[in-house]
There are 2 protein chains.
Amino acid sequence: MNRCICPKFEAAIEVLAKKWTGLIIRVLMEKTCRFRDIREQIPQMSERMLAERLKELESNGILVRNVYPETPVRVEYQLTDKGRSIEPILDEIQHWAECHL
Amino acid sequence: MNRCICPKFEAAIEVLAKKWTGLIIRVLMEKTCRFRDIREQIPQMSERMLAERLKELESNGILVRNVYPETPVRVEYQLTDKGRSIEPILDEIQHWAECHL
DNA sequence: TAAGTTAGTTACTTACATGTCAGTATACCA
DNA sequence: TGGTATACTGACATGTAAGTAACTAACTTA
């Protein structure tokens with residue numbers, strides 16, 4: 001459309017391109033997970049980073065945080081519709097990666 | 001496919017997600033450009049960053065650098081097939097950005 | 001009472017990315 | 001000889017991202 005810089009495109013890149021973000025979304029794409037579960041599926045990532053990313057993704061409306069006051073507490077992270085709509089992007093990246101890398 | 005980390009996916013993110021990369025590719029998607037042209041279309045980016053990204057993209061086989069020894073010298077940057085195959089990814093991101101941001 | 005569980009937080013450090021700006025090489029033109 | 005143009009490069013400073021590891025809070029079980 002416009003040959004100048006599209007702020008929405010840039011904003012999207014800023015959300016999606018951060019380290020760990022894609023992986024976290026991919027894990028949650030399969031099923032709703034607890035903090036612990038995500039850690040176990042992405043063991044390279046520190047707790048600190050996971051907590052930071054989850055907060056960002058929540059504030060961007062990509063996932064919701066559900067707290068169940070059991071003992072010990074259970075916190076589940078679930079993609080929203082907005083979050084699930086990222087799937088085609090990740091699929092395209094995966095496809096490109098498999099063809100060209 | 002695999003719920004663990006896919007190194008190809010990560011490698012793709014590493015290439016595509018860097019600051020300015022998407023914008024540079026988008027500019028070159030429209031037409032082959034000289035260094036100067038790209039600068040003018042992305043004025044926020046410094047020359048230093050542009051030169052660095054162009055080198056990276058060239059070494060990743062996403063674009064080719066053609067030198068015409070005229071006076072003054074003309075250097076044109078052109079997407080390869082691999083580079084052009086990134087278009088669907090950028091389109092998906094653009095689409096998502098327009099629907100959700 | 002001590003240890004375990006979940007879900008974080010905080011402080012500190014290191015690494016890497018980016019910005020700024022001056023300088024280079026080559027060739028032309030006045 | 002000085003100025004202009006293109007396409008960079010290099011040194012340095014700053015800023016941001018990420019890693020490490022210890023700590024907290026609430027509650028339960030041994």
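Owing to the predicted nature of the structure, the values given are computational and were not obtained by experimental measurement. Each chain gets a letter, A, B and so on, in the order its sequence line appears, and its residues count up from 1.
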(message) I need the NZ-C1' distance between Lys19(B) and dT14(D), as an integer number of Å.
(response) 13 Å
(request) Would you mind reporting whether Val73(A) and Tyr68(A) have side-chain heavy atoms less than 4.5 Å apart? (result) no
(message) Rounded at 0.5 Å granularity, tell me how far NZ in Lys19(A) sits from CD1 in Ile24(A).
(response) 12.0 Å
(message) Can you work out whether Glu70(A) or Arg53(A) has the more 5'-proximal nearest nucleotide on DNA chain D?
(response) Arg53(A)
(request) Report the distance from atom CD of Gln41(B) to atom SG of Cys33(B), rounding to the nearest 0.5 Å. (result) 5.5 Å
(request) Not counting sequence neighbours, which residues clear salt bridge (charged side-chain N to carboxylate O under 4.0 Å, His left out) with Glu52(B)? List them please. (result) Arg48(B)
Could you list all N or O pairs between the protein and nucleotides 2-9 of chain D that sit under 3.5 Å apart?
from, atom 1, to, atom 2, distance (Å)
dT6(D), OP1, Arg36(B), NH1, 3.0
dT6(D), OP2, Arg36(B), NH1, 2.9
dT6(D), O3', Arg34(B), NH2, 3.0
dT6(D), O3', Val73(B), O, 3.2
dA7(D), OP1, Arg34(B), NE, 2.9
dA7(D), OP1, Arg34(B), NH2, 3.0
dA7(D), OP1, Val75(B), N, 3.1
dA7(D), OP2, Arg36(B), N, 3.2
dC8(D), OP1, Arg65(B), NE, 3.2
dC8(D), OP1, Arg65(B), NH2, 2.5
dC8(D), OP2, Tyr77(B), OH, 2.4
dC8(D), N4, Glu47(B), OE1, 2.4
dT9(D), OP2, Lys55(B), NZ, 3.2

(request) Would you grab the first and last nucleotide of DNA chain C (5' to 3') that comes under 4.0 Å of any non-hydrogen atom in chain A? (result) dT5(C) to dA11(C)
(message) Applying salt bridge (Lys or Arg N to Asp or Glu O under 4.0 Å) as the test, list every pair that has at least one member in residues 84-94 of chain A; sequence neighbours left out.
(response) Asp81(A)-Arg84(A)
(message) Looking at Glu56(B) and Lys18(B), is any side-chain nitrogen of the basic one under 4.0 Å from a carboxylate oxygen of the acidic one?
(response) yes
(request) Sequence neighbours left out, what passes side chain to side chain donor-acceptor pair (under 3.5 Å) with Thr32(B)? Give chain and number order. (result) none
(message) Looking at Phe9(A), I'd like to know if the NZ or CZ of Arg26(B) sits under 6.0 Å from its six-membered ring centre while staying within 45 degrees of the ring's axis.
(response) yes
(message) Strictly below 4.0 Å, N to O, side chains only: are Glu40(A) and Arg36(A) in salt-bridge contact?
(response) yes
(message) Closer than 4.0 angstrom, basic N to acidic O: yes or no for Arg74(B) and Glu76(B)?
(response) yes
(request) Provide, to the nearest angstrom, the distance between the CE atom belonging to Met49(B) and the P atom belonging to dT16(D). (result) 14 Å
(request) Could you tell me, to 10°, how much the axis swings from one end of the helix from dT1(C)-dA30(D) to dA30(C)-dT1(D) to the other, five pairs per end? (result) 20°
(message) Classify Thr71(B) by what it touches in the nucleic acid, base, sugar-phosphate, or nothing, heavy-atom distance under 4.0 Å.
(response) sugar-phosphate
(message) What is the separation between atom CG on Leu50(A) and atom P on dT20(D), rounded to the nearest whole Å?
(response) 15 Å
(request) For residues Tyr77(B) and Val64(B), determine if any side-chain heavy atom of one lies less than 4.5 Å from a side-chain heavy atom of the other. (result) no
